[in-house]
Engineer: 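Please see the structure below; I have some questions.
The chains referred to below are lettered A, B, ... by the order of the sequence lines, with proteins before strands, and numbering in each begins at 1.
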Protein chains: 2
Amino acid sequence: MLSSSSKYAVNAVLYLAVHSNDKNKIRAKEIAEAIKLPSPFLSKLLQSLSRENLISSSKGPTGGFYLTKQALNTPLIEVVNIIDGTSRLEDCVLGLKKCSSEQPCPVHYSVQPLKQKFRKELQENISVFAEKVKNGEAYLFV
Amino acid sequence: MLSSSSKYAVNAVLYLAVHSNDKNKIRAKEIAEAIKLPSPFLSKLLQSLSRENLISSSKGPTGGFYLTKQALNTPLIEVVNIIDGTSRLEDCVLGLKKCSSEQPCPVHYSVQPLKQKFRKELQENISVFAEKVKNGEAYLFV
DNA sequence: AAAAATTAAGACAATTAAGTCCCAAAATTA
DNA sequence: TAATTTTGGGACTTAATTGTCTTAATTTTT
């Protein structure tokens, strides 16, 4: 469904959404420890997200990563799109090159609506999912 | 969602469901050509399915693979379970070890019902999907 | 009984994904 | 300005998945 990398990235972004802002940047190492991930690997993911301006960063002591208010209003699925690309969630479940309502694969009508709903659910903004964690309705680890 | 291997396997099984029976066995090579797959690799997948008695086989000239009537009444998801195992479709989308309604991840309630529905759709018997191909409602290649 | 055709099994190779490491660039502190 | 701390970028390593090849076992045909 999602690659390991984008799972990590989503976790990290939600961690930032909950704990960071432009006054309170968070180092890669701290995030890595929080979500139990090797820090060099996480750094690379964060850099990819930063390069695409989904998250913000600054260097040096007191530096780190953070989310702007604008970034909080980005659909969560953008994280996945940056790390995995879009095809992973869009391609035919059976791997057929041309699969559509004109030429459906055998599972198309069973599965395609679910895939679409999945993408739609992840269109919800990052802030929406972060709020659940702040409220104690959802958890990021364990 | 599914590994490449299990996509291939599902295709191959549906091909057998449509074209084979105990009087009409089909060689790995023919299936491989039909679904455009390297034949040695497909052979290995077919062997895994045969070892688990999901498909049947016989050796020698006139040998090949086929589905029994009983096998046609197996849920399609069994193919995936044999090739990928079950965890791929059951584990938390964000990769959290313990993710449940007691301790849900932030996307749990958005996504978990869809995953369950996905598995449920693939619980439908192989024959159901094969019929769609026979009817011309669905296609296996291109 | 021998030859040919097929599946079975497992070792091997190639590719991709995951993860590490090193050094440069930028910012802060002293 | 020098030392320190952080991100940025890219080369490198490791692990997992995908794909190939060789040989054995079984069945059919002649």
Side-chain angles (χ1 to χ4, degrees), chain A residues 1-13 16 20 22-33 35-68 80 82-85 87-88 91 95, chain B residues 1-13 16 20 22-33 35-68 80 82-85 87-88 91 95:
Chain A
M1 198 106 71
L2 307 184
S3 70
S4 297
S5 293
S6 72
K7 289 176 190 178
Y8 300 157
V10 168
N11 269 277
V13 165
L16 285 173
S20 82
D22 52 350
K23 304 283 180 216
N24 185 25
K25 297 156 194 167
I26 304 187
R27 285 169 304 126
K29 201 174 178 187
E30 180 184 329
I31 306 170
E33 279 163 10
I35 67 181
K36 280 147 198 158
L37 211 69
S39 125
F41 187 54
L42 178 65
S43 292
K44 231 175 55 168
L45 297 173
L46 293 173
Q47 282 163 31
S48 299
L49 297 172
S50 169
R51 214 178 297 129
E52 301 287 331
N53 299 310
L54 199 146
I55 68 178
S56 307
S57 70
S58 72
K59 297 179 182 176
T62 79
F65 296 92
Y66 61 101
L67 287 190
T68 62
V80 178
I82 288 170
I83 303 296
D84 282 350
S87 66
R88 190 170 184 127
D91 289 356
Chain B
M1 199 104 73
L2 307 184
S3 72
S4 298
S5 294
S6 72
K7 288 177 189 178
Y8 300 157
V10 167
N11 269 278
V13 165
L16 286 174
S20 82
D22 53 349
K23 305 281 182 218
N24 186 24
K25 297 157 195 164
I26 304 188
R27 288 168 302 126
K29 200 175 176 184
E30 180 183 329
I31 305 171
E33 279 163 9
I35 66 180
K36 281 148 199 155
L37 211 67
S39 125
F41 187 56
L42 178 65
S43 293
K44 232 175 51 167
L45 296 173
L46 293 172
Q47 281 163 32
S48 300
L49 296 172
S50 170
R51 216 176 297 127
E52 301 288 330
N53 300 310
L54 199 144
I55 68 179
S56 307
S57 69
S58 72
K59 297 178 181 178
T62 78
F65 296 92
Y66 61 101
L67 287 190
T68 62
V80 178
I82 289 170
I83 303 296
D84 282 351
S87 65
R88 191 172 182 124
D91 288 357

Engineer: Looking across every strand, which nucleic acid part, if any, lies under 4.0 Å from B:Ser43 by heavy atom: base, sugar-phosphate, or nothing?
Structural biologist: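 Answer is nothing: B:Ser43 stays at 4.0 Å or more from every strand.
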
Engineer: Between C:dT7, D:dT7, D:dT20, which nucleotide gets closest to the side-chain atoms of B:Lys59?
Structural biologist: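 Closest nucleotide to the B:Lys59 side chain: C:dT7.
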
Engineer: Using whole Å, what does the distance between atom P of nucleotide D:dT6 and atom CG of A:Leu42 come to?
Structural biologist: 15 Å

Engineer: Confirm from the modelled atom types if A:Lys44 and C:dG19 form a donor-acceptor pair under 3.5 Å, side chain to base only.
Structural biologist: yes

Engineer: In whole angstroms, how far is the P atom of D:dT6 from the CD1 atom of A:Ile31?
Structural biologist: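 Between P of D:dT6 and CD1 of A:Ile31: 12 Å.
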
Engineer: Rounded to the nearest angstrom, tell me the gap between atom CD1 in A:Ile83 and atom C1' in C:dG19.
Structural biologist: 14 Å

Engineer: Please say which of A:Ile26, A:Ile55, A:Asp22, A:Leu49 ends up in a side chain to side chain contact (heavy atoms under 4.5 Å, CB included) with A:Leu67.
Structural biologist: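 Filter result, single survivor: A:Ile55.
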
Engineer: For DNA chain C, whose closest nucleotide is more 5', that of B:Arg27 or that of A:Ser5?
Structural biologist: B:Arg27

Engineer: If you take all heavy atoms of A:Ser48 and A:Ile83, which pair is closest and at what distance?
Structural biologist: CB-CD1, 4.2 Å

Engineer: According to a strict under-4.0 Å criterion, is A:Ser57 in side-chain N/O contact with OP1 or OP2 of D:dT6?
Structural biologist: no

Engineer: Side chain of A:Pro40 only, heavy atoms from C-beta on: which candidate in C:dT20, D:dT18, D:dT20 is closest?
Structural biologist: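 Nearest listed nucleotide: C:dT20.
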
Engineer: Could you please name the option among D:dT18, D:dT29, D:dT7 that lies closest to any side-chain atom of B:Ser4?
Structural biologist: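 The nucleotide sitting nearest to the side chain is D:dT18.
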
Engineer: Using 0.5 Å steps for rounding, measure from the CD atom of B:Gln47 to the CZ atom of B:Phe65.
Structural biologist: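 Rounded to the nearest 0.5 Å, the CD-CZ separation comes to 6.0 Å.
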
Engineer: In terms of the nearest nucleotide of DNA chain D, which residue is placed more toward the 5' end: A:Leu46 or B:Phe41?
Structural biologist: A:Leu46

Engineer: Starting at CD of B:Glu30, measure out to CG of B:Leu16 and round the result to the nearest 0.5 Å.
Structural biologist: 9.5 Å

Engineer: Side chain of A:Pro61, heavy atoms from C-beta onward: which of D:dT18, D:dT4, C:dA8 has the nearest atom to it?
Structural biologist: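 Among the listed nucleotides, the one closest to the side chain of A:Pro61 is D:dT4.
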
Engineer: Atom OH of B:Tyr66 and atom C1' of D:dT27: how far apart are they, to the nearest Å?
Structural biologist: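 These atoms are roughly 13 Å apart.
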
Engineer: Could you check how far CD of A:Glu30 sits from P of D:dT5, rounded to whole Å?
Structural biologist: 16 Å

Engineer: Could you please name the option among D:dT29, C:dT7, D:dG19 that lies closest to any side-chain atom of B:Thr62?
Structural biologist: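 My answer, after comparing the listed nucleotides, is D:dT29.
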
Engineer: Would you say B:Tyr8 places a side-chain N or O within less than 4.0 Å of OP1 or OP2 belonging to D:dG19?
Structural biologist: yes

Engineer: Rounded to the Å, how far apart are B:Lys25 NZ and C:dT7 P?
Structural biologist: 11 Å

Engineer: How close do B:Glu52 and B:Ile82 get, counting heavy atoms only, and between which atoms?
Structural biologist: CB-CD1, 3.6 Å

Engineer: For C:dA30, give its Watson-Crick or G-U wobble partner with both distances under 3.5 Å, or none.
Structural biologist: D:dT1

Engineer: Under 4.0 Å: is that the gap between some side-chain N or O of A:Arg51 and OP1 or OP2 of D:dT7?
Structural biologist: no

Engineer: Should A:Ser50 be listed as having a side-chain N or O under 4.0 Å from OP1 or OP2 of D:dG8?
Structural biologist: yes

Engineer: Mind listing the closest non-hydrogen atom pair of A:Ala32 and A:Pro38 along with its distance?
Structural biologist: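 The pair with the smallest heavy-atom distance is CB-C, 4.3 Å.
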
Engineer: I need the CZ-P distance between A:Phe65 and C:dA26, as an integer number of Å.
Structural biologist: 16 Å

Engineer: Using whole Å, report how far CG of A:Leu16 lies from C1' of D:dT7.
Structural biologist: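 Going from A:Leu16 (CG) to D:dT7 (C1'), I get 13 Å.
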
